[in-house]
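I have placed the structure first, in the form of structure tokens, so that the comments after it can refer back to it.
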Amino acid sequence: MEDTNRSWYFVERPAGEPDADCFELRAADVPEPAEGELLVRVEYLSVDPYMRGRMRDSESYAEPWDVGDVLSGGVVGEVIESKSDQYDAGDLVTGEGTWAEYSVLDAGDVAPVDPEIADPPAYLGVLGMPGRTAYFGLLDVGDPNPGDTVVVSGAAGAVGSVVGQIAKLNGCRVVGFAGSDEKIRWLTDDLGFDAAVNYKATDDYGAALEEVAPGGVDVYYDNVGGPITDAVFTKLNLDARVAVCGQIAHYNAESVPTGPRKLPQLIAPRATVQGFLVGDYATRFEEASEQLAAWVASGEIDHRETVVEGLENAPDAFLGLFSGDNVGKQVVRVAE
Ligand SMILES: NC(=O)c1ccc[n+]([C@@H]2O[C@H](COP(=O)([O-])OP(=O)(O)OC[C@H]3O[C@@H](n4cnc5c(N)ncnc54)[C@H](OP(=O)(O)O)[C@@H]3O)[C@@H](O)[C@H]2O)c1
């Protein structure tokens, strides 16, 4: 084991789009686990859009980081030292850690990783928080019925790619919005989406949607907001459900963006628009994890991780979420 531990610190609050100045890599001693804790050698760490909210000095749904904090997030790694009887040195686990080479995790909050089911980075994506978000947001909030048309924005990302596949397993017609031809091919050729729109290749999202969803939209799973959502709101069917999962198109805005005002579009379809947080479903996480693991093991749900190599590139991996660098889940490989 190394003597020193490199970790990323949050050193500057961004105005608008974050950049490299927000982050600093520092070396310190490897931390000591206390009773009930595990020292974990981080193999993969997760970068997620919600972390942008943590960079603000104001309430978001996640607690803000203070300037000077070590950056935190989901990790997968090997237990090096255990001060808990739940796990032994050598076990592979996942939980909330830090952007670092070594991280101390609370043994009560970690879950085992089974590489027989999927490679470790999948535990930060389809078998982790994003997979559970897709599962509950679609099935509980979107409430899809067989034959429904389900539209997913951010469709080729960690959450969206799972949403579309669960919707297909529920007998729906599925349409995705994503930002490159490579992503569109993945959605339609590999994941079974019925159609997908490269929103970066058109200015007229309404016309594009009319072409791929001529019968209108019964469920809209919104990961992005902005003009894609404006277009979908004009095509909602009677009793449509809108699951508001994320609004990444707005996360770097300095004031509340005012676009076309679309609430009148909800009246005639009597549409229901509901925001939700995956944490609301904490008591049912086991149900989602078991079902997602079964779907992955049987091949009914496919998944992809975009792996950025090296802890030193973690900020770039995070910033890449806003330019759509990732196909599937964006993770950083810290160690083999
Ligand atoms: N409610 C909850 O509990 C919860 C939990 C997890 C995640 N979320 C939210 O769910 C959404 C997806 O999260 P994720 O982890 O799966 O991320 P992700 O989709 O894997 O990554 C973000 C993707 O957003 C797209 N994007 C970035 N800027 C955009 C813009 N201006 N307009 C349209 N698309 C844009 C990019 O893909 P393109 O190439 O397609 O642009 C990028 O790949 C995020 O908004 C996140 O905050 C919510």
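Heads up: numbering here begins at 1 and tracks the sequence. Just so you know, ligand 1 is whichever comes first in the structure, and atom 1 is the first atom listed for that ligand.
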Atoms of ligand 1 close to Tyr61 [distance to a heavy atom under 4.0 angstrom, numbered from 1]: 47 (O), 48 (C)
Option set Met129, Met51, His250, criterion heavy-atom distance to atom 6 (C) of ligand 1, minimum: Met129
Parallel, tilted or perpendicular: rings of Trp99 and Phe23 (30°, 60°): parallel
Note: Arg54-Asp69 ion pair, threshold 4.0 Å (strictly below): no
SB check Arg304 Asp190 (cutoff 4.0 Å): no
Pick from Ile248, Val244, Ile184: the one approaching atom 24 (O) of ligand 1 most closely through a non-hydrogen atom: Ile248
Check: Tyr220/Ser153 side-chain N/O donor and acceptor closer than 3.5 Å: yes
Distance filter under 4.0 Å to Gln247 heavy atoms, resulting ligand 1 atoms: 45 (O)
Protein heavy-atom partner closest to atom 12 (C) of ligand 1 - residue, atom, separation in Å: Asn223 OD1, 3.7 Å
Side-chain touch Leu263/Val273, heavy atoms, less than 4.5 angstrom: no
Minimum non-hydrogen distance to atom 21 (O) of ligand 1, winning option of Asp325, Asn326, Val327, Thr229: Asn326
N or O contact, Val224 vs ligand 1, cut-off under 3.5 Å: no
Contact (N/O only, under 3.5 Å) between Gly179 and ligand 1: yes
Proximal ligand 1 atoms for Ala158, defined as those under 4.0 Å from one of its heavy atoms: 16 (O), 18 (P), 19 (O), 20 (O)
Cluster overlap Leu45 with Tyr9, hydrophobic side-chain contacts below 4.5 Å: no
Geometric N/O contact Ala178 with ligand 1, under 3.5 angstrom: no
Identity and separation of the nearest protein heavy atom to atom 47 (O) of ligand 1: Tyr251 OH, 2.7 Å
Which of the ligand 1 atoms, numbered from 1, are nearer than 4.0 Å to a heavy atom of Gly246: 9 (C), 45 (O)
Atom 48 (C) of ligand 1 [closest protein heavy-atom partner, distance rounded to 0.1 Å]: Cys245 O, 3.1 Å
Residues Glu305 and Lys329 bridged, charged N to O under 4.0 Å: no
Gly328 neighbourhood, listing ligand 1 atoms whose heavy-atom distance to it stays under 4.0 Å: 20 (O)
Test salt bridge (Lys or Arg N to Asp or Glu O under 4.0 Å) applied to Glu24 - qualifying residues, sequence neighbours left out: Arg26
Protein contact to atom 42 (C) of ligand 1 [nearest heavy atom, distance to 0.1 Å]: Leu321 O, 3.1 Å
Close-contact set for ligand 1 against Phe322 heavy atoms, below 4.0 Å: 27 (C), 28 (N)
Proximal ligand 1 atoms for Val278, defined as those under 4.0 Å from one of its heavy atoms: 2 (C), 3 (O)
Nearest-contact summary for atom 41 (O) of ligand 1 - protein heavy atom, Å: Tyr199 OH, 2.4 Å
Closest candidate by heavy atom, reference atom 17 (O) of ligand 1, pool Gly137, Gly157, Pro49: Pro49
Asp88-Ser82 side chain donor-acceptor pair, cut-off 3.5 Å: no
Protein heavy atom at shortest distance from atom 37 (O) of ligand 1: Lys183 NZ, 3.3 Å
N-O pairing of Glu101 and Arg6 below 4.0 Å: yes
Protein residue, atom and distance nearest to atom 16 (O) of ligand 1, heavy-atom basis: Val159 N, 2.8 Å
Listed once per pair and sorted, the ring-ring contact (aromatic ring centres under 6.0 Å, His included) pairs that draw on residues 270-294, sequence neighbours left out: Phe136-Tyr281
Protein contact to atom 36 (C) of ligand 1 [nearest heavy atom, distance to 0.1 Å]: Gly324 CA, 3.5 Å
Side-chain H-bond candidate by donor/acceptor type, Glu300 with Ser298, under 3.5 Å: yes
Verify same cluster id: Ile248, Tyr205 (apolar side-chain graph, 4.5 Å): yes
Heteroatom proximity flag, Phe177 to ligand 1, N/O under 3.5 Å: no
Nearest-option assignment for atom 30 (C) of ligand 1, heavy atoms, candidates Gly279, Ala249, Ser323: Ala249
Heavy atoms from other residues, nucleotides or ligands near CD of Glu12 exceed 12 (cutoff 6.0 Å): yes
